[in-house]
4 protein chains.
Amino acid sequence: MNARRRSADRTETIMQTALDLALEVGYAKLSMEAIAGRAGVGKDTIYRRWPSKGLLFLDSLLSLNQRALDYPDTGDVLADLRQQIHAAVDLLATPPWGPLYRALVGEAQHNPAVAAGLNDRFIQPQADKTVARLRAAQTKGQVSPDFDLELAMAVLSGPLYFQLLITQEPLTHEYVNRILDALFAGLDPRPRP
Amino acid sequence: MNARRRSADRTETIMQTALDLALEVGYAKLSMEAIAGRAGVGKDTIYRRWPSKGLLFLDSLLSLNQRALDYPDTGDVLADLRQQIHAAVDLLATPPWGPLYRALVGEAQHNPAVAAGLNDRFIQPQADKTVARLRAAQTKGQVSPDFDLELAMAVLSGPLYFQLLITQEPLTHEYVNRILDALFAGLDPRPRP
Amino acid sequence: MNARRRSADRTETIMQTALDLALEVGYAKLSMEAIAGRAGVGKDTIYRRWPSKGLLFLDSLLSLNQRALDYPDTGDVLADLRQQIHAAVDLLATPPWGPLYRALVGEAQHNPAVAAGLNDRFIQPQADKTVARLRAAQTKGQVSPDFDLELAMAVLSGPLYFQLLITQEPLTHEYVNRILDALFAGLDPRPRP
Amino acid sequence: MNARRRSADRTETIMQTALDLALEVGYAKLSMEAIAGRAGVGKDTIYRRWPSKGLLFLDSLLSLNQRALDYPDTGDVLADLRQQIHAAVDLLATPPWGPLYRALVGEAQHNPAVAAGLNDRFIQPQADKTVARLRAAQTKGQVSPDFDLELAMAVLSGPLYFQLLITQEPLTHEYVNRILDALFAGLDPRPRP
DNA sequence: TTTTAACCGAGACGGTACGTCAAGTCTTGAG
DNA sequence: CTCAAGACTTGACGTACCGTCTCGGTTAAAA
C-alpha cells in the first residue's frame, strides 16, 4: 500500500517535471533524459508508466490541468455557452497553456496513440458536454428541434481551432462572441427582400 | 545559366525526393540523411537551400503540389464554393496528401518558421481567395452587404480543419454540404414561432 | 561486477579494433565511425572512454603491445644495451609497428595530449630504464663516474628516431652497433698524434 | 611574361597566406578554404600548384624561410659547427617556427610525399652541408681520417630532433654544447685506468 | 525478525540522426 | 585561357537522445 502510494507520488512527480520542463524549453526540446534527470528518477521508471514522450506529455497536460470545463446550466443557453467558451479561451491565452496545447495537437498529427488519447480524454468529452448542453436547451424548446447539434458544435469549435492552430492570431472574447452571435442570431447571408 | 539550371534541377530533385520519402516512411521518420542519400546529394547542398527539415518539407509539399485551388466564378456563389471546397477535400482524401498535410500542420505547431511559411504561402492566399469570391458575390448583391465575410470564411474552414486535425474523421462531400447549407440557408437555431 | 567486466571487455574490443583498422587502412584514414561500426559499438561508447582519436590510438598501441622492453642485466653493459636496442629495432621493423609508431609520433606533433601521454607512458619509462641500466654499470665501476648518462641516452636514442622519423631509412642492427661502438669505444675525432 | 609574373606573384601570395594562417591557428586547423579565401584566390588556383595541403605547407615553410643555414669555414671546425647549430636552434626557438616545423615533420609521418619533399629539400641538403664541413676539416687533418662523418652528423642531429619531437623540452645552446663537446672531446665512458 | 522479491536511481549500451566542416572536383562568367 | 567564386559530393566529426538493459541498493511483505 505504501509502495503503491510512493509509486503514485512518483507518477505525479514525473508528470509535474515534464510539464515544468516543457514550460521552460518547449515541447520540441523536451527530452526523456532531461525529465528523468530533473525528476530524480531512472528512465525506466518513466518508460514503465508511459510508452512514449507524447503520451507522457498528454497525460501531464490533461491530468495536471483538470480545470472543470463543465457547462453551467443557468437556463440561458447562449449565456452558458458564452461563459464556458470564454473560460476555455482564457485558459489558452494564459501563457504556457496555449503553446503547450498547440504542441500536443501537433504531436497528435504524427503519433496516432496521442491522437487517440487526446480525442478520448479531452476532445470527445468536451464535445459531448457541448452537445449535451445544446440538447438540454432543445428539450426545453429553447432551440429548434431540427437544429443540427453536432454541426453547431463543429461550427463553434472549428473556427477557434483554426485560429489557434493555423493562423495563430490571438483568441479573443470578441471573436468568440462573433461566432456565437452568428450561430444564434443566424448568419443568413441572403439579401433581404 | 547552365549552373543555375543545374542548381534548379537539384532543388527540384531534393524536394521530389523528400516528398517520395515522406510518402514511404511518413514525415516523422523522414531524415535529412535519407533524403540526401536517396537524392544523391550532400547534406550541405540541402542545408544551403533550407535551414530545417520542416521548411524543406513545407516547400516540397507546396511547390510540387501546385494544384490550382482557384475559385471559379460561374455567377452562382454557393455552387462555386461547393466545387472549390469539394476539390480541396478530395485532395486531402487522396491517400498521401491528407497525412502529409496533417504532418505539416503538426510541424508548424513547434516550428514558428514553418507556421509562418504555411500561413504566408498557403493559408492566407486560400483565405483571401475565398473572401474575394464572397466579396464578388456581395458586390453583385447576391449576398447581404452586412454579411461578415471573414467570419464566413472561418466558419467554412474551421470545421474542416477540426475534423482533419482533431477528430480525424474522414472528410466527405456530405459534411461539406452540411456546412455550406447551414451557412447559406442560415443556421438559425431559434425556435420557429 | 558483471557490468564492470563487460565494460572492460568492451574497452579491449575497441582498442583491438582500432589497431586492426589502423593496420588495414593506416592511421590517417582511421575513423571513429569505422571503429565503432567494426567493433559493434556506439560512438558514445568510445567517446566515453577516450576524448579523441589520438588518445584512443595511443592507448591501443601501448596497451596491446605491452612487450617487455626491459633491460637484462648480465653484467655486460654494452651487451645488455645492444640486446635491448636490437629488440626495439626489431619491433619497429616488424611490419605494422614501424608505420603505426611513426603515425603516433606524428599525431603527437599536433596534439599535446597525445604528446604528453606518449611521453609519460612510453618515452620516459624507456629512457629511465636505459639510464638506470647505465647507472648500475657506473656503480659497479664499469663506466666512468663523470660519464653523462642522460646525454648518453640521448645519443643512443636520437639517431634512431632521426632515422625512423626523418630520413626513414631502415633501422638495422648494424646501424645500432655503429652507434653503440662509437659511444663506448669513444668517438674521438681528434687526429692521433 | 606578364602572365607568368602575375602567376608567380600569386604563388608567393598563397604561400605567404598559408604561413600567416598557420601562425594564427596552427597547422592542424589550417584549411585550404581559409587560405583561398584570405588570399583572394580560387581553390583551384591552389590545387593547380600543389596537390595537397601538406605540400603547400612544406613549400611555404621552406620557401619563405630561406635563411642561409650555411656553414661558415673559419678554419675552426668546432666553432663553425657550434655557430651553425646554435643558429638552427635559435630559429626553432623563435616562436612560430618550432611548432610549425614540428607540425611539418608530423605531417610527413602520414604523408609520404611530404616526407620525401622534406628530405629532399631540407634534411638531406643540411646533412650534406654538415658532412661537407666535416670532410673539409678531415682533409685539412683537423679530424682523424677514420672518423665516421655520417655517424657524426647523426649523433649531432639525432638528440636535437629527439628533444624537439619527442620529449619537447626546450632546445638550448647549453644542450648543443654538451653534445658538441661530447662528440669532440670524446664521450669515452671507459673507466680511466 | 529475517528473508525475499519487486522496484528503484543511475547510467552504460547500440543506434540513428543531427548540423558542421573541410577535402578535392567541377562549373560559370568576367576579363 | 585563366581566374575568383563558390556549388557540389563525400565522408567524418562530436553531440544528443532514443529505448533497452544491467547493476547495486533500498524497502515492504511474506515467512
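Atom set for the values below is all heavy atoms of this structure, side chains included, hydrogens, waters and symmetry mates excluded. Keep in mind the model is a prediction, meaning the values are calculated, not measured.
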message = Does this structure show an ion pair linking A:Arg102 with A:Glu107, if we count only N-O contacts that are shorter than 4.0 Å?
response = no
query = In whole Å, what is the span from the NZ atom of C:Lys29 to the P atom of F:dC13?
reply = 14 Å
request  = Mind running a 4.0 Å heavy-atom check of residues 37-47 of chain A against DNA chain F and sending the residues that fall below it, in number order?
outcome  = A:Lys43, A:Asp44, A:Tyr47
inquiry  = Check whether D:Gln109 reaches the backbone of C:Leu165 with its side chain - one donor and one acceptor, N or O, closer than 3.5 Å.
reply    = yes
task = Write down the distance between CG (A:Leu30) and P (F:dG19), rounded to a whole number of angstrom.
result = 12 Å
key: Atom-pair distance (CZ on A:Phe57; P on F:dC17), nearest Å   = 17 Å
Integer-rounded Å distance: F:dC18 C1' and A:Trp50 CH2 = 18 Å
inquiry  = Please determine whether a side-chain nitrogen of the Lys or Arg among C:Glu24 and C:Arg38 lies less than 4.0 Å from a carboxylate oxygen of the Asp or Glu.
reply    = yes
query = So, C:Asp59 and C:Arg121, do they make that salt bridge, N to O below 4.0 Å?
reply = yes
query = Could you give the CD-to-P distance, from B:Glu33 to E:dG15, as a whole number of Å?
reply = 16 Å
key: Side chain A:Asn119, main chain B:Ile166, donor-acceptor under 3.5 Å   = yes
query = Does OP1 or OP2 of F:dT2 have a side-chain N or O of D:Arg48 closer than 4.0 Å?
reply = no
note = Among F:dG19, F:dC13, E:dG24, the one nearest any side-chain atom of C:Lys53 is F:dC13
ask   = ring-ring contact (aromatic ring centres under 6.0 Å, His included) with B:Phe57: which residues, sequence neighbours excluded?
value = B:Tyr27
ask   = Could you state the CE-P distance from C:Met32 to E:dG14, rounded to the nearest angstrom?
value = 14 Å
ask   = Roughly, in whole Å, what's the span from CZ in B:Arg49 to P in F:dG6?
value = 15 Å
ask   = Of all residues at least two apart in sequence or in a different chain, which pass the salt bridge (Lys or Arg N to Asp or Glu O under 4.0 Å) check with A:Lys53?
value = none
task = Compare side-chain N and O positions of B:Arg10 against OP1 and OP2 of F:dT9 and report whether any pair is under 4.0 Å apart.
result = yes
ask   = B:Asn111 CG to E:dC18 P: how many Å, rounded?
value = 14 Å
